[in-house]
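Heads up, the thing below is written out as structure tokens.
Order of listing sets the numbers, starting from 1, for every ligand and every atom in it.
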Amino acid sequence: MTKITPQPGILDIAPYVGGASQVAGRTDAVKLSSNENPFGPSEAAIEAFRRAGFDLHRYPPTDHAALRGAIADAHGLDAARIICGVGSDEILHLLCQAYAGPGDEVIHTEHGFAIYRIGALAAGATPVEVAENERTTDVDAILAACGPATRLVFIANPNNPTGTMIGAEEVQRLADGIPDTALLVLDGAYAEYVEGFDGGAALVDQRDNVVMTRTFSKIYGLGGLRVGWGYGPAHVIDVLNRIRGPFNLSGPALAAAEAAVKDQAWVAKCRADNRRLRAWLIDVLEGHGVPCDPSEANFILARFTDADEAEACNAYLLSQGLIVRSVAGYNLPACLRITIGDEASCRRVAHAIGQFKEGAR
Ligand SMILES: *Cc1c(COP(=O)(O)O)cnc(C)c1O
């Protein structure tokens, strides 16, 4: 037996399993398992990425000033209080590393994003799971779970994998009610899909205990480049910048993200298409006897009779070259999470689920 062991907590982390991307023997498979933008990134982002290829011998800037400036312009924020990371995952990890350790508690919701628990355990802290109310964040339950050891409270709004969201008054109530020693983290990975929603930025501006995280992986269609950002009070951004790797983001990633955030017309187009196709898909699935919660994001959570039926439907969809996400690992064994694809993909999924329900079983 080796005497070389990792820090406590690390071996409690189950390795993250991403959405599958291939079906053996099929070339026409559609990946609807990772909430990617089916239309890809803005043309301007692709062009900026190509141009950045000519400067690969140069180290990238460490301050991300151009990208922070472009984000601040697009959202009306203070560029000095923006931090950019390798996906929002890095920001979430930095928050755990900086603010939680052994003996501290990190709250996340019942069906919350896996990284909150992973980040807490990696920092040696104790993750605390709080029940939701009908797959929706329950502010009272979170407040009841808070105590003197609470250091971080993570909610995604809209949430993944449920797609539901809570309103500004509820978020404010959460920020007001958590202990003085805790930070509220608003994960806005899907914020751009909600028309007119600021992801919680206004609340961040009003307080010293709220941080917002955002990503270029979802509506911006740049998941392959790994760029995310955070917006918070000056004291938090200062702390995170001390532990952030100085060259965490590559030149091409910075260039593409900057061009992407400047192309808000592309974002608006993707938001509108997603909204239309999501409403259509929810409607058709309900007609097939598969209810879905109202989703504010670029995916839906389809509910089956039980875990067996969800698993059988998942197998049937796979046999049709349709890759959706099993969410049994998120404690939702009777559900499947389906990313809103382009129109053809949505039609294929709707058709296949209809066939399955009618007796392909
Ligand atoms: C996809 C997703 C993210 C984004 O992760 P990146 O590291 O930015 O790709 C963050 N939070 C939630 C809830 C997500 O679903």
Side-chain angles (χ1 to χ4, degrees), residues 16-19 21 31-38 40-41 45 64 67 71 82-97 106-120 122 127 129 132 135-137 152-166 171 184-194 197 199-200 211-231 240 244-245 248-250 253-254 256-257 260-261 270 274 295-301 324-325 327 329-332 337-340:
Y16 184 86
V17 181
S21 58
K31 184 183 177 199
L32 302 171
S33 57
S34 296
N35 299 341
E36 293 154 340
N37 183 340
H64 310 149
L67 176 55
I71 292 169
I82 293 173
I83 179 171
C84 300
V86 181
S88 46
D89 280 7
E90 184 182 28
I91 310 290
L92 300 170
H93 274 286
L94 292 177
L95 284 162
C96 289
Q97 194 187 337
V106 174
I107 290 181
H108 64 85
T109 60
E110 185 180 356
H111 306 118
F113 191 44
I115 298 299
Y116 312 147
R117 181 184 152 81
I118 294 174
E129 180 181 305
E132 292 167 6
R135 295 169 301 283
T136 306
T137 299
L152 289 162
V153 175
F154 285 107
I155 67 165
N157 205 31
N159 190 33
N160 172 21
T162 58
T164 58
M165 83 182 278
I166 58 172
V171 177
L184 172 63
V185 183
L186 304 174
D187 179 340
Y190 302 95
E192 292 85 359
Y193 285 103
V194 185
F197 179 48
V211 178
M212 170 180 75
T213 61
R214 303 284 284 263
T215 185
F216 282 91
S217 303
K218 303 291 159 54
I219 208 166
Y220 287 102
L222 291 173
L225 281 184
R226 315 299 306 122
V227 188
W229 54 282
Y231 186 59
L240 300 185
R244 172 177 69 80
N248 59 335
L249 287 171
S250 71
L254 288 165
V261 79
C270 296
N274 179 73
S295 168
E296 303 295 338
N298 67 336
F299 56 85
I300 57 169
L301 188 68
V324 303
R325 186 70 177 259
V327 279
Y330 279 92
N331 239 333
L332 292 162
R337 192 191 70 190
I338 306 169
T339 301
I340 305 301

For a 4.5 angstrom cut-off between non-hydrogen side-chain atoms, does Thr109 reach Ile155? yes

Less than 4.0 Å is my threshold; does some heavy atom of Arg226 fall inside it relative to ligand 1? yes

Atom 14 (C) of ligand 1 has as its nearest protein heavy atom Lys218 NZ, 3.2 Å

Is there a heavy atom of Tyr190 sitting under 4.0 angstrom from any atom of ligand 1?
yes

Between Ser33 (side chain only) and Arg325 (backbone N and O only), is there a donor and an acceptor less than 3.5 Å apart?
no

Near Ala189 (heavy-atom distance under 4.0 Å), the atoms of ligand 1 are 2 (C), 3 (C), 10 (C), 11 (N), 12 (C), 14 (C)

min-distance protein heavy atom vs atom 11 (N) of ligand 1 -> Asp187 OD2, 2.6 Å

Can you say whether the rings of Phe216 and Tyr220 are parallel (under 30°), tilted (30 to 60°) or perpendicular (over 60°)?
tilted

message: For the backbone of Thr164 and the side chain of Thr136, can you confirm whether one donor and one acceptor N or O come within less than 3.5 Å of each other?
response: no

Exercise for the section: Given side chain to side chain donor-acceptor pair (under 3.5 Å), test Asn160 with Arg337 step by step and report yes or no. Expected result: CA-CA 9 Å; Asn160 172 21; Arg337 192 191 70 190; 2.7 Å; yes

Checklist entry - Do any nitrogen or oxygen atoms of Tyr116 lie less than 3.5 angstrom from nitrogen or oxygen atoms of ligand 1? => result no

closest protein heavy atom to atom 4 (C) of ligand 1 is Ser88 OG, 3.2 Å

Gly228 near ligand 1, heavy-atom distance under 4.0 Å? no

> So, are Arg214 and Glu192 salt-bridged, with charged N and O less than 4.0 Å apart?
Replying inline: yes

protein heavy-atom neighbour closest to atom 9 (O) of ligand 1 works out as Ser217 OG, 2.6 Å

Near Gly87 (heavy-atom distance under 4.0 Å), the atoms of ligand 1 are 6 (P), 7 (O), 8 (O)

- Is there a donor-acceptor pair under 3.5 Å between the side chain of Asn248 and the backbone N or O of Cys84? yes

Within 4.0 Å of some non-hydrogen atom of Asn160, the atoms of ligand 1 are 13 (C), 14 (C), 15 (O)

Please check if the distance between the ring centroids of Phe299 and Tyr190 is under 6.0 Å. yes

